[in-house]
Amino acid sequence: MNIRAIAKVVLAAALLVSLYGISGVRNVKAADLVITSFSDVQTNQWYASTIQWGISQNMVKGYADGTFKPNKTVSEAEFLALLIRAFEPNLSSNGESHWANPYYVRAKQLNYPVKSYTLIASRNEVILRTQVAELISATEGVHFSGDDAIHYLLAFGLANGSDPAKPSIQGFGGPNKLTRAEALQFVKNLYENGVGGLLSRPAEATDPRDIPEI
């Protein structure tokens, strides 16, 4: 049994004993998508349908000036919140001293790799795509870092890189800053192609030899 199959078995078992389970996950069909127009999003751009998906899932919103700002960079806190809300939408930040506190508490419970669970300054730093790969792979119950985390995403269809026809670690662009459109695409990929929920990351690193070839 490969590592992906094991993750799905673990998640299924967890859902059987969980009162929350995955009942909080949204189930929006293509026909139910809300068509929202943004002045800076054209229908022929690669992220147009992804943004419409995110709006319909109530995961993201546009700005008051009628824009979405798809190329605006994303902080660690913003991406972490988007990632967790995709599967646990009822997690609330009401009454918290910092809006992202509940997401960092949850990340600590799940042993997810963030720069700090408590330092506010690090939350506001722009997140790089390599850290995104580490976070997303962690949600599947594995523990990979750097290129191994990127390899995992590419091997299991959770990312394509700059050339979908020839996915590669270099083409993934790990050192690049994450944008709003990219963040939403990553979460959409996980939502549609992942194991179906948020698993805990193991304390010990997973053997990268278990990852299939790209």
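We count residues from 1, following the sequence as given. Every heavy atom of this structure was used, including side-chain atoms; hydrogens, water molecules and symmetry mates were not.
- Placement of Leu119 and Val114 in two distinct hydrophobic clusters is found when ILVMFWY residues are connected by side-chain heavy-atom separations under 4.5 Å, directly or transitively.
- A distance of 8.5 Å separates CG in Asn71 from CG in Asp40, rounded to the nearest 0.5 Å.
- In this structure, CE in Met59 is found 10.5 Å from NZ in Lys188, a value given to the nearest 0.5 Å.
- Pro89 places none of its side-chain heavy atoms less than 4.5 Å from the side chain of Asn58.
- Heavy-atom contacts from other residues, nucleotides or ligands closer than 6.0 Å to CD of Glu192 number more than 12.
- Taking hydrophobic clusters as Ile, Leu, Val, Met, Phe, Trp and Tyr residues chained together by side-chain heavy-atom distances below 4.5 Å, Leu110 shares a cluster with Phe144.
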* To do: Please lay out, stage by stage, how Arg85 and Tyr103 fare under the test side-chain contact (heavy atoms from CB on, under 4.5 Å).
  => CA-CA 9 Å; Arg85 281 203 309 265; Tyr103 305 107; 3.5 Å; yes
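- Taking all atoms of both residues into account, the shortest heavy-atom contact from Phe172 to Ala133 is CZ-CB, 4.1 Å.
- Glu134 contributes no side-chain N or O that, together with a main-chain N or O of Pro113, makes up a donor-acceptor pair within less than 3.5 Å.
- Taken from CG in Asn160 to CD in Gln185, the straight-line distance is 8.0 Å, to the nearest 0.5 Å.
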* Take Thr73 and Leu178, measure what side-chain contact (heavy atoms from CB on, under 4.5 Å) needs, and give me the verdict at the end. => CA-CA 6 Å; Thr73 55; Leu178 185 71; over 6 Å; no
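- With a 4.5 Å cut-off on side-chain heavy atoms, Thr118 and Tyr104 do not count as touching.
- In this structure, Thr130 OG1 and Ile150 CD1 are separated by 4.0 Å, a value rounded to the nearest 0.5 Å.
- His151 contributes no side-chain N or O that, together with a main-chain N or O of Gly146, makes up a donor-acceptor pair within less than 3.5 Å.
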* Between Ile136 and Tyr152, does a side-chain contact (heavy atoms from CB on, under 4.5 Å) hold up when you go through it step by step? -> CA-CA 9 Å; Ile136 291 177; Tyr152 182 91; over 6 Å; no
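- Looking at Thr179 and Lys72, their side chains never come closer than 4.5 Å, going by heavy atoms from C-beta outward.
- The shortest side-chain heavy-atom distance between Leu153 and Ser137 falls under the 4.5 Å cut-off.
- For the side-chain contact (heavy atoms from CB on, under 4.5 Å) with Phe79, the qualifying choice from Leu135, Val126, Leu184, Ile84 is Leu135, the only one to do so.
- Closest heavy-atom contact between Asn101 and Ser97: ND2-OG, 3.2 Å.
- Side-chain contact check for Leu83 versus Val132: every heavy-atom pair is 4.5 Å or farther apart.
- Val74 is not connected to Leu128 by any chain of hydrophobic side-chain contacts under 4.5 Å among Ile, Leu, Val, Met, Phe, Trp and Tyr, and they are in different clusters.
- Annotation: the span from Arg209 atom CZ to Ile211 atom CD1 amounts to 11.5 Å, rounded to 0.5 Å.
- Looking at heavy atoms from C-beta onward, Ser39 lies in side-chain contact with Thr67 at the 4.5 angstrom threshold.
- The environment of CD in Gln170 is sparse: at most 12 heavy-atom neighbours from other residues, nucleotides or ligands sit within 6.0 Å.
- Counting only heavy atoms from C-beta outward, the side chains of Val41 and Tyr47 approach each other to under 4.5 Å.
- The pair Lys115-Glu76 does not meet the salt-bridge criterion, since no charged nitrogen lies less than 4.0 angstrom from a carboxylate oxygen.
- For Ser75 (side chain) and Asn124 (main-chain N/O), no donor-acceptor pair under 3.5 Å exists by modelled atom type.
- Placement of Leu91 and Tyr112 within a single hydrophobic cluster is found when ILVMFWY residues are connected by side-chain heavy-atom separations under 4.5 Å, directly or transitively.
- Summarising the geometry of Ala86 relative to Val187, their closest heavy-atom pair is CB-CG1, 3.6 Å, with the distance given to 0.1 Å.
- Rounding to the nearest 0.5 Å places OG of Ser200 at 13.0 Å from NE2 of His143.
- Nearest heavy-atom pair, Lys61 versus Ile55, reported as atom, atom and distance to 0.1 Å: CA-CD1, 3.9 Å.
- Residues Arg129 and Gly173 approach most closely at CD-O, 3.3 Å, considering heavy atoms.
- The nearest pair of heavy atoms linking Ile51 to Pro70 is CD1-CB, 4.3 Å.
- Cluster annotation: Tyr117 and Leu80 are assigned to the same hydrophobic cluster (Ile/Leu/Val/Met/Phe/Trp/Tyr, side-chain heavy-atom contacts under 4.5 Å, transitive).
- With hydrogens and angles disregarded, no donor-acceptor distance shorter than 3.5 Å links the side chain of Ser56 to the backbone of Trp53.
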* Please assess Leu158 against Glu140 for the test side-chain contact (heavy atoms from CB on, under 4.5 Å), listing each intermediate value before the final yes or no. => CA-CA 11 Å; Leu158 300 176; Glu140 301 223 318; 4.0 Å; yes
